[in-house]
2 protein chains.
Amino acid sequence: MREKTLEEYLGCPFHLAMNTLEGKWKFAILYVLLDKGTLRFKDLERAIPDISTRMLVKELKHLEEKKVIVRKAYAEVPPRVEYSLSEIGKSLSPVIDSISDWGKSYANSLSEK
Amino acid sequence: MREKTLEEYLGCPFHLAMNTLEGKWKFAILYVLLDKGTLRFKDLERAIPDISTRMLVKELKHLEEKKVIVRKAYAEVPPRVEYSLSEIGKSLSPVIDSISDWGKSYANSLSEK
DNA sequence: CAGCATCCAGGAGGATACTG
DNA sequence: CAGTATCCTCCTGGATGCTG
């Protein structure tokens with residue numbers, strides 16, 4: 001039995017993390033940015049075909065407020081806005097990997113039976 | 001740039017994982033079972049004070065269908081039902097840890113500025 | 001191009017009361 | 001004890017059209 005309580009374990013950092021990663025499209029956006037580095041709004045929309053404009057805007061805004069991604073707007077016409085991961089955003093890689101890894105062994109364990 | 005596409009990476013195993021872990025209380029239940037090993041329904045309710053009976057039933061049922069937890073009912077009066085993690089359920093520990101770890105460094109990076 | 005405004009449906013999740 | 005059964009609210013997310 002672990003020594004930490006539910007409160008300590010799931011308490012602050014865990015819920016903080018879940019809070020910023022919650023939402024249908026967060027991981028997709030994160031992965032694409034992890035993959036490509038920097039993308040414009042339209043490119044993100046193309047990279048995640050099923051997302052609606054409204055949702056992409058909302059999720060990006062949320063991630064930006066949470067300091068996970070960085071938004072850089074250029075004063076040009078037509079407008080250009082580039083999104084990339086912050087340092088803390090890049091450090092999410094192990095999280096995505098561990099979930100993906102678990103998913104693989106989970107899929108295996110399901111097909112074995 | 002990674003070689004996998006969004007489809008390959010987020011495609012099957014990742015979404016499979018997210019699917020079974022989705023929901024407000026999944027991680028809380030998982031953590032408590034990881035912590036205590038085996039618990040009766042009422043004990044789970046006590047361990048997660050804010051959850052409603054309805055939600056606990058739903059989440060447990062979902063996790064059982066997904067083969068992540070094991071339900072064992074005893075033919076007694078009053079009834080006794082015990083929940084525990086399956087092998088694949090126990091292997092979720094790294095996922096929970098990586099999220100929790102990221103949450104910690106995230107909290108640090110927020111407070112530094 | 002990079003969004004914002006609006007409307008809308010469906011589902012997640014809460015509160016309460018009841019049963020074998 | 002271990003759930004069911006209802007009812008209800010709010011929020012997520014989709015569709016569409018418009019703007020600087």
Side-chain angles (χ1 to χ4, degrees), chain A residues 6 10 14-15 17-33 36-66 68-85, chain B residues 6 10 14-15 17-33 36-66 68-85:
Chain A
L6 176 64
L10 290 179
F14 192 92
H15 278 139
M18 289 311 281
N19 230 337
T20 98
L21 303 180
E22 224 163 47
K24 190 170 177 182
W25 303 102
K26 294 280 183 346
F27 281 100
I29 294 172
L30 258 16
Y31 176 70
V32 171
L33 289 177
K36 311 281 186 184
T38 298
L39 283 178
R40 303 176 59 165
F41 186 86
K42 197 66 182 180
D43 294 327
L44 278 163
E45 229 173 353
R46 268 189 284 263
I48 310 170
D50 289 346
I51 199 172
S52 65
T53 305
R54 179 174 168 281
M55 272 304 112
L56 183 53
V57 172
K58 280 186 75 170
E59 300 281 57
L60 287 174
K61 213 170 253 171
H62 185 243
L63 288 172
E64 192 201 351
E65 278 167 13
K66 301 285 187 171
V68 175
I69 66 173
V70 178
R71 192 191 111 114
K72 187 169 184 184
Y74 297 84
E76 300 177 359
V77 176
R80 179 156 62 106
V81 180
E82 290 181 348
Y83 293 91
S84 56
L85 291 169
Chain B
L6 175 65
L10 290 179
F14 193 92
H15 277 139
M18 291 310 282
N19 229 335
T20 97
L21 303 180
E22 226 163 43
K24 189 171 177 181
W25 303 101
K26 294 281 183 346
F27 282 100
I29 294 172
L30 258 16
Y31 176 72
V32 172
L33 288 177
K36 310 282 185 182
T38 298
L39 284 179
R40 303 176 60 164
F41 185 87
K42 197 66 181 179
D43 293 328
L44 278 163
E45 228 173 354
R46 267 189 284 262
I48 310 170
D50 289 346
I51 200 172
S52 64
T53 305
R54 180 176 168 280
M55 272 303 113
L56 183 54
V57 172
K58 280 186 77 170
E59 301 281 57
L60 287 173
K61 217 170 249 172
H62 184 243
L63 288 172
E64 192 202 350
E65 276 166 15
K66 301 286 187 170
V68 174
I69 65 174
V70 177
R71 191 191 110 115
K72 186 169 182 183
Y74 297 83
E76 301 175 1
V77 177
R80 178 159 62 106
V81 178
E82 289 182 348
Y83 293 91
S84 56
L85 290 169

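Protein chains get the first letters and strands the later ones, always in sequence-line order, with residue 1 at the start of each. On a predicted model such as this, the values are computed, not experimentally measured, just so you know.
- The end-to-end axis angle of the helix from C:dC1-D:dG20 to C:dG20-D:dC1, rounded to 10 degrees and based on five pairs per end, is 50°.
- Atom pair A:Glu59:CD and D:dG13:C1' shows a separation of 9 Å (rounding to whole Å applied).
- At the heavy-atom level, A:Tyr83 lies under 4.0 Å from the strands shown only through sugar-phosphate atoms.
- Checking side-chain atoms of A:Glu59 against main-chain N and O of A:Trp25 turns up a donor-acceptor pair under 3.5 Å.
- Without hydrogens or angle criteria, A:Lys36 side chain to A:Val32 main chain gives no donor-acceptor distance under 3.5 Å.
- Here the side chain of B:Lys66 pairs no donor or acceptor atom with the backbone of B:His62 at under 3.5 angstrom.
- For the pair B:Glu76 CD and D:dA2 P, the computed distance is 10 Å after rounding to whole Å.
- Taken to the nearest 0.5 Å, the NZ atom of B:Lys26 stands 11.0 Å off from the CE atom of B:Met18.
- The line from CG of B:Leu44 to CD1 of B:Ile69 is 8.0 Å long, rounded to the nearest 0.5 Å.
- In this structure, CD of A:Glu45 is placed 17 Å from P of D:dG13, rounded to the nearest angstrom.
- The CG atom of B:Leu33 sits 11.0 Å away from atom CD of B:Glu82, with the distance rounded to the nearest 0.5 Å.
- Residues A:Val57 and A:Phe41 have side chains in contact (heavy-atom distance under 4.5 Å, counting atoms from C-beta outward).
- By the 4.5 Å heavy-atom criterion applied to side chains, A:Leu21 and A:Leu30 are counted as neighbours.
- Rounded to an integer number of Å, the gap from NZ of B:Lys58 to P of D:dT6 is 15 Å.
- A salt bridge links A:Glu45 with A:Lys42: the closest approach of a Lys/Arg side-chain nitrogen to an acidic carboxylate oxygen falls below 4.0 angstrom.
- Taking every nucleotide of DNA chain C with any atom under 4.0 Å from a non-hydrogen atom of chain A, the first and last of them, 5' to 3', are C:dC1 to C:dT6.
- Between the NZ atom of B:Lys72 and the OG1 atom of B:Thr38 there is a distance of 9.0 Å, given to the nearest 0.5 Å.
- Side chains of A:Met55 and A:Lys58 form a contact here, defined as non-hydrogen atoms less than 4.5 Å apart.
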Encode nucleotides 14-20 of chain D as B, S and - characters from 5' to 3', where the letter depends on protein heavy atoms closer than 4.0 Å: B to the base, S only to sugar-phosphate, - to neither.
BB----B
